[in-house]
Amino acid sequence: MSATEHILIVVGVLFVLLNIAAGLIWVERRLLALWQDRLGPNRAGPLGVLIVLADTLKLFFKEDWIPPFADKWVFILAPAIVVGSVLLSFVVIPFAPGIVVADLNIGILFFLAMSSLGVYSIVLGGWASNNKYALLGALRGASQMIAYEVFMGLSLMGVVMLSGSFNLGDIVAAQQNLWFVVTQPVGFVIFFIAGIAETHRLPFDIPEAESELIAGYHAEYSGMKFGMFFIGEYLGITLISAMIVTLFFGGWLGPAFLPPLAWFVIKLFFFIGLFILLRASLPRPRYDQLISYGWKIILAIVLANLLITGAIALWLRG
Amino acid sequence: MSTLFYISSIVAIASTIMVITRYHPVHALLYLAVSFLSVGMIFLSLGAPFVAALEIIVYAGAIIVLFIFVVMMLNLGQETAQQEKEWLKPKVWVVPSALVLVLLAEMLLLLFTGSQQVMQVSQVDPRKVALSLYGEYIIAVELIGFLLMAGIVGAAHIGKHRKPSLHRFLQNGDTEKEKAMPVREQEVISNEQTVLHD
């Protein structure tokens, strides 16, 4: 791969991702409206697509206010971390044969490292706001994300054992005959749940919980800094969907009548739609329920899954 | 790669110094996170991506817990910063500096008089580390496990206490025993509003 091709891939991936994340705002609002039997944004442009542009313009023209009681630099740093860490995670995802920014041998570990750095944005944002609701949201977010990060890592280890590699390209190649969702159904379900908790989406959006914490950790943010948290959330959904597709649903593999990239995008949007449907249909659990559910049920299941997968992998090897 | 190594080493040293000298605990913790990231980068530049990833997952990811401790345990604010400032008087630096100077002298001695053997780089792959941890040093690993378990049990014991429930729906409790307990008297507050209602 030449240097220009590499730069083209990097710029292309960045461009497409940011557009997907922005477009998802419209997709989510229209889909939610569809499922809730109302119209949703339909005024700006055809089918209301330009609502994203209107929202962005509005955010840019809002006063970008930093509260005088806030810790200024940490306050500015926090929204940058969320977008930065999620965008960096996309570096290891193989979108199609040859279209990957960096084919790292430690792909899965890199993804886990970046998602553990993502916690900083919530905690720093909530703490730097110097507001008790923001701080409560930040503490909730920290304990939720630290807990579910553990399950996320453990649920992926079954896939790693079966494919024998941390490299996402190799993992896709290992699913040539059978998707890992068939051999690792438990791992898939737990990764999906942990993914929702990591991106703190509804039903697990307990750190922001607008009905009790008035938007939690980003209560004090306005203008484009709030926009960064917002876009970071949609990037997070795209990331978790892309990871699910790559790890459990064969990535770009599919029948030959469509190009690999098309298969990847179709699967990606299926899971993004599933995320939005979950938001439309499930209520938010109580905070202590979420945490005790994680440590008492999911941890036990994921450890059992790991043990059984390990035993079968050893047995198959002879 | 050695340029990358030196740059990240300088970042590591600078951020670690900042950790010690910051008066504000949260800022110190942020520099600590930067220090771990740069150590991860050092490993990466030396060709150990696995260790680099673990460094970031385990250390930089877990420092956030320390962050929560800081928020929960310390009363942040002007007084704490003042207190820190008083603790960091020049007098305090004498003993640590002397100890570090001893180490520096040792290192210089090794660098200038030691044979090449000391500085020899030997590669140990993660598989070998794992095998020796779970083979040769299994007792040490298990003892550490016991120690951590004791910590977890202790924390769970300290954290577990049942608060009296103040909500009128929950006051009667779930179990039979709790239901038998007397219900707290409701205090009736009367002011202009209640009077109006009555």
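In the text below, chain A, chain B and the rest are named by the order of the sequence lines, each starting its count at 1. Just so it is clear, the structure is predicted and the values come from calculations on it, not from any experiment.
Both the backbone and the side chain of A:L112 have a heavy atom closer than 4.5 Å to some heavy atom of chain B. Interface remark: A:I106 contributes side-chain atoms only to the contact with chain B (heavy atom separation under 4.5 Å). Looking at A:D71, only its side chain comes within 4.5 Å of chain B, counting heavy atoms on both sides. With a 4.5 Å cut-off on non-hydrogen atoms, A:L104 does not touch chain B at all.
Contact count against chain A (heavy-atom pairs under 4.5 Å) is highest for B:I56 among B:V58, B:I56, B:L54.
Screening A:R284, A:H200, A:Q144 against A:D205 for a side chain to side chain donor-acceptor pair (under 3.5 Å) leaves a single residue, A:R284.
Side-chain contact check for A:S143 versus A:Y287: some heavy-atom pair is nearer than 4.5 Å. The shortest side-chain heavy-atom distance between A:I301 and A:I297 falls under the 4.5 Å cut-off.
When the heavy atoms of residues 114-123 of chain A are compared with those of chain B, the residues falling under 4.5 Å are A:S116, A:L117, A:V119, A:Y120, A:V123, listed by number.
By the side-chain contact (heavy atoms from CB on, under 4.5 Å) test, B:L143 is found to be paired with B:I139, B:F146, residues two or more places apart in sequence or in another chain being considered. With sequence neighbours excluded, the residues forming a salt bridge (Lys or Arg N to Asp or Glu O under 4.0 Å) with A:R286 are A:D288, listed by chain and number. Take A:K296 and apply the side-chain contact (heavy atoms from CB on, under 4.5 Å) test, not counting sequence neighbours, and it matches A:S292.
Counting only N and O atoms by type, the side chains of A:N130 and A:E220 include no donor and acceptor under 3.5 Å apart.
By the 30° and 60° cut-offs, the orientation of the rings of A:F191 relative to A:F248 is tilted.
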